[in-house]
Colleague: 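One structure follows; several queries about it will come next.
Computed from a prediction, not measured in an experiment: that's the story for all the values here. Along the sequence shown, residues are numbered consecutively beginning with 1.
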Amino acid sequence: MPPCNPTSPVVDVTADGSAAAAGRKVPKTLTEEMKMQNGAKSASMDSSSVSGIRPFPWNYLSDTTWTMMGSVFLLTIFFPGISMITLSTASGYGLYYALYKYNPPCRYVLEKIRSLQRFVFYQIGRCILLDTRDSSYLPWMAYGLVCVPLLFYWALNRHLTHGFEVTTFLLYHLMRLGPRYRFFAHHECLIHIEGHASKDGLYCNPWTLLTTGKRVPLSKSFRRTFTDHINSALVGPFYGSIPNSYGAAHNKIHHRWHNDTGDVHSNMDVDRTAGISSFVLWLPRFIAYWTGLSPVLLFWKRKEHGLLKMMLNGMLYYYGLSALVWYKCGALFFWAYWFYPHVEAIAFLGGIAYMWHSFSEESDPSNQYVNSMTILRGHDNIWNEDYHVVHHHETFVHWTEMPDSFHRNKAHYVKCRATVFADCEQGLFFAWMFGKKWDEMTDFFVDMQYTFSNGDKNSDRLLNVREVAAAERKLRSKEDSAKVEADLAAYHTEVKEMLLKRLRYHYMGTRQEEWSEYEKRLNAGLREFDEKES
């Protein structure tokens with residue numbers, strides 16, 4: 001939550017300590033390193049160049065280098081990776097309209113099947129889960145554990161018999177992703193949930209349940225070896241994810257710094273109003289995070305050997321399987337069917353990560369009610385993941401209780417004028433931010449400090465700006481319409497400027513005083529983790 005520690009030790013990245021050997025000063029703290037690098041930059045760059053220092057480890061190369069790398073990645077990873085998800089979305093809507101929305105007989109059958117599926121998996125959940133409210137995980141897990149490996153085997157047989165076929169490639173990935181990428185989205189949520197469930201796991205001891213009627217966790221050794229990794233290790237590689245990444249990198253880095261400058265894929269030092277250019281500069285960070293490189297570097301730097309081992313074990317598993325697929329199935333099959341999902345995950349989840357934490361309050365950059373987003377009535381709210389502030393503030397709150405947590409803590413959201421949107425989804429933010437469609441984005445903001453002309457509070461009604469305007473037109477229907485529209489336009493402009501200020505704020509520039517100011521807050525608020533948790 002607070003920025004990275006300016007007094008934390010800096011690793012000498014030279015292989016043999018040659019800097020010290022040559023008589024050059026090696027910085028001992030981040031504060032010292034910032035001063036040294038800023039001095040070097042000011043000597044070589046004019047005032048129009050980027051000043052300040054990027055967070056570790058992105059301070060070791062220039063912005064120009066990262067931007068060039070990001071441009072290559074945008075063309076070779078992001079756009080290709082998002083292409084099948086786009087096709088899945090189009091085909092998913094086609095199926096929805098044809099088989100559900102405009103087809104009453106088929107809709108009736110599908111609803112009956114859905115009810116039966118819920119009943120069956122709830123009964124299974126009663127036998128194996130610690131919390132029966134999690135039974136909705138099971139059908140998505142069943143598809144990943146059974147159907148996806150069978151699809152992969154089918155695609156491999158087709159490839160070995162007929163060579164590369166475009167139709168097989170398209171069918172495999174569309175069936176793996178599901179209509180409107182539902183299988184992909186639920187899998188990614190599952191490995192996220194699985195990573196956070198490391199304390200007790202998701203499953204109970206069935207023998208204890210049978211003999212005593214009590215739900216107790218499985219043994220820690222069995223969980224650490226097997227059940228804590230069912231989704232990430234058995235299904236994850238087909239979707240391009242590395243086992244242990246959520247348990248180690250996500251939990252112990254992202255949830256330690258909450259996207260502030262100690263987070264290896266922080267975007268707090270870039271101007272998010274710059275559109276695609278800032279995303280290009282940032283993209284290499286998420287690639288390094290998702291592939292495991294930057295978490296390993298940070299754990300090594302911080303001497304957190306348990307987490308380093310955990311991360312390296314997951315990488316060895318995934319990249320070892322990758323080498324085996326290449327060796328047994330050939331390079332073309334590897335790139336088309338195995339490595340492509342890795343690219344796809346980087347593209348889609350990178351965009352999600354950039355969007356979730358794009359806002360920051362200049363007067364209080366570590367305020368999670370502002371720098372994490374909440375989406376109400378979201379179009380893509382899987383297991384209440386849209387309550388992202390709750391997820392960061394109360395990580396172990398059960399997903400079914402997240403709406404209650406939001407309402408219980410509503411006063412904090414009001415006080416902070418929290419970053420809350422409604423009636424939208426993450427995909428729309430891509431279009432708004434990269435297309436700089438700030439007016440459209442403002443329409444969906446929920447201003448929880450707004451008070452209607454009749455005295456009602458929007459913290460109770462939770463309307464977005466567009467709905468607030470419609471409500472005010474009705475409330476003030478007897479007033480001069482020109483004045484009403486002028487007031488609403490002024491309010492819309494004020495909200496837009498507030499949002500743009502939060503998107504524009506970043507740590508770059510001559511802001512050394514901020515790093516010093518937040519040092520105490522870091523030392524007081526940084527979550528340190530028990531070695532047992534690692």
Side-chain angles (χ1 to χ4, degrees), residues 73 76-78 80-81 84 141 144-145 148-153 155-156 172-173 176-177 183-198 223-254 264-265 283-300 304-350 352-353 534:
F73 293 147
T76 60
I77 291 181
F78 185 79
M84 287 304 298
M141 290 177 59
L145 290 166
V148 173
L150 289 175
L151 284 170
F152 187 80
Y153 180 72
L156 175 60
Y172 171 74
H173 288 299
R176 178 182 58 84
L177 289 168
F183 299 140
F184 168 84
H186 282 81
H187 166 73
E188 296 301 337
C189 289
L190 277 171
I191 59 174
H192 181 210
I193 291 166
E194 189 177 71
H196 279 292
S198 58
R223 287 192 290 107
R224 290 288 189 265
T225 305
F226 179 62
T227 57
D228 282 355
H229 315 288
I230 287 177
N231 291 287
S232 62
L234 300 183
V235 185
F238 298 108
Y239 288 94
S241 57
I242 296 174
N244 289 342
S245 179
Y246 276 97
H250 179 77
N251 283 357
K252 315 308 190 204
I253 298 176
H254 182 61
V264 291
H265 61 79
L283 184 58
R285 302 183 186 188
F286 193 79
I287 293 173
Y289 165 78
W290 193 254
T291 55
L293 296 177
S294 57
V296 161
L297 181 61
L298 184 65
F299 290 144
W300 170 71
E304 295 179 305
H305 300 122
L307 296 173
L308 176 63
K309 180 182 177 182
M310 186 177 176
M311 195 70 212
L312 287 173
N313 284 341
M315 293 170 70
L316 180 64
Y317 176 87
Y318 177 77
Y319 292 119
L321 278 179
S322 299
L324 182 64
V325 171
W326 183 310
Y327 177 74
K328 290 291 187 180
C329 307
L332 182 57
F333 182 86
F334 169 83
W335 286 102
Y337 294 94
W338 184 266
F339 188 70
Y340 178 81
H342 194 59
V343 169
E344 176 185 77
I346 288 171
F348 188 81
L349 298 176
I352 296 290
S534 303

Colleague: Which residues pass the side-chain contact (heavy atoms from CB on, under 4.5 Å) test with His173, not counting sequence neighbours?
Modeller: Met84, Phe169, Arg176, Tyr337, Tyr340, Pro341
Colleague: For residues Ile253 and His265, determine if any side-chain heavy atom of one lies less than 4.5 Å from a side-chain heavy atom of the other.
Modeller: no
Colleague: NE2/His229 to CG/Asn313 distance, rounded to the nearest 0.5 angstrom?
Modeller: 9.0 Å
Colleague: Hey, would you say the His342 and Tyr318 ring centroids sit under 6.0 Å apart?
Modeller: yes
Colleague: Under a plain distance cut-off of 3.5 Å, with no hydrogens placed, do Trp290 and Ser245 share a side-chain donor-acceptor pair?
Modeller: no
Colleague: Aromatic contact between Phe184 and Phe348, with the criterion being ring centroids under 6.0 Å apart: yes or no?
Modeller: yes
Colleague: Restricting to non-hydrogen atoms, name the atom on Ile77 and the atom on Ala347 that form the minimum distance, rounded to 0.1 Å.
Modeller: O-CB, 4.0 Å
Colleague: Applying side chain to side chain contact (heavy atoms under 4.5 Å, CB included), run through Ser322 and Phe334 and close with a yes or a no.
Modeller: CA-CA 8 Å; Ser322 299; Phe334 169 83; 3.8 Å; yes
Colleague: Just checking Phe78 against Phe73, ring centres under 6.0 Å apart?
Modeller: no
Colleague: Under a 4.5 Å cut-off applied to non-hydrogen side-chain atoms, are Ile230 and Leu145 in contact?
Modeller: yes
Colleague: Quick check: does any side chain N or O of Tyr319 sit under 3.5 Å from a backbone N or O of Thr291, one acting as donor and the other as acceptor?
Modeller: yes
Colleague: Just verifying a value: how many Å separate Glu194 CD and Thr227 OG1, rounded to the nearest 0.5 Å?
Modeller: 8.5 Å
Colleague: I'd like to check Glu304 versus Lys252 (side-chain heavy atoms, cut-off strictly below 4.5 Å). Are they in contact?
Modeller: no
Colleague: Would you compute the distance between atom CG of Leu151 and atom CZ of Phe183 and round it to the nearest 0.5 angstrom?
Modeller: 9.5 Å
Colleague: Just so I know, are the side chains of Pro237 and Tyr317 near enough to count as touching, which here means a heavy-atom distance under 4.5 Å?
Modeller: yes
Colleague: Working to the nearest 0.5 angstrom, can you tell me the gap between Phe299 CZ and Ser294 OG?
Modeller: 9.5 Å
Colleague: I want to check something: taking the side chain as every heavy atom from C-beta on, are Phe152 and Tyr172 in contact at a cut-off of under 4.5 Å?
Modeller: yes
Colleague: Heavy atoms only: give me the nearest Gly292-Met311 pair and the separation to one decimal.
Modeller: CA-CE, 3.8 Å
Colleague: Can you tell me how far CG of Leu321 sits from CD1 of Ile242, rounded to the nearest 0.5 angstrom?
Modeller: 11.5 Å
Colleague: Walk me through it: do His186 and Met141 pass the test side chain to side chain contact (heavy atoms under 4.5 Å, CB included)?
Modeller: CA-CA 9 Å; His186 282 81; Met141 290 177 59; over 6 Å; no
Colleague: Ignoring hydrogens and angles, state whether a donor on the side chain of Asn231 or His187 is under 3.5 Å from an acceptor on the partner side chain.
Modeller: no
Colleague: Looking only at heavy atoms, what is the nearest atom pair of Ala233 and Pro243, with distance?
Modeller: CA-CG, 3.8 Å
Colleague: With no hydrogens and no angle check, is any side-chain donor or acceptor of Asn244 less than 3.5 Å from a backbone partner on Met310?
Modeller: yes
Colleague: Nearest 0.5 Å please: distance from the CH2 atom of Trp326 over to the CG atom of Leu332.
Modeller: 10.5 Å
Colleague: Under a 3.5 Å distance rule, please check whether Ser232 uses its side chain to pair with a backbone N or O of Ile191 as donor and acceptor.
Modeller: no
Colleague: List the steps, then state whether side chain to side chain contact (heavy atoms under 4.5 Å, CB included) holds for Glu188 with Leu349.
Modeller: CA-CA 9 Å; Glu188 296 301 337; Leu349 298 176; 3.4 Å; yes
Colleague: Could you walk me through whether Leu298 and Tyr289 pass side chain to side chain contact (heavy atoms under 4.5 Å, CB included), step by step?
Modeller: CA-CA 10 Å; Leu298 184 65; Tyr289 165 78; over 6 Å; no
Colleague: Indicate the atoms forming the closest heavy-atom contact of Gly144 with Val148, along with that distance.
Modeller: O-CB, 3.6 Å
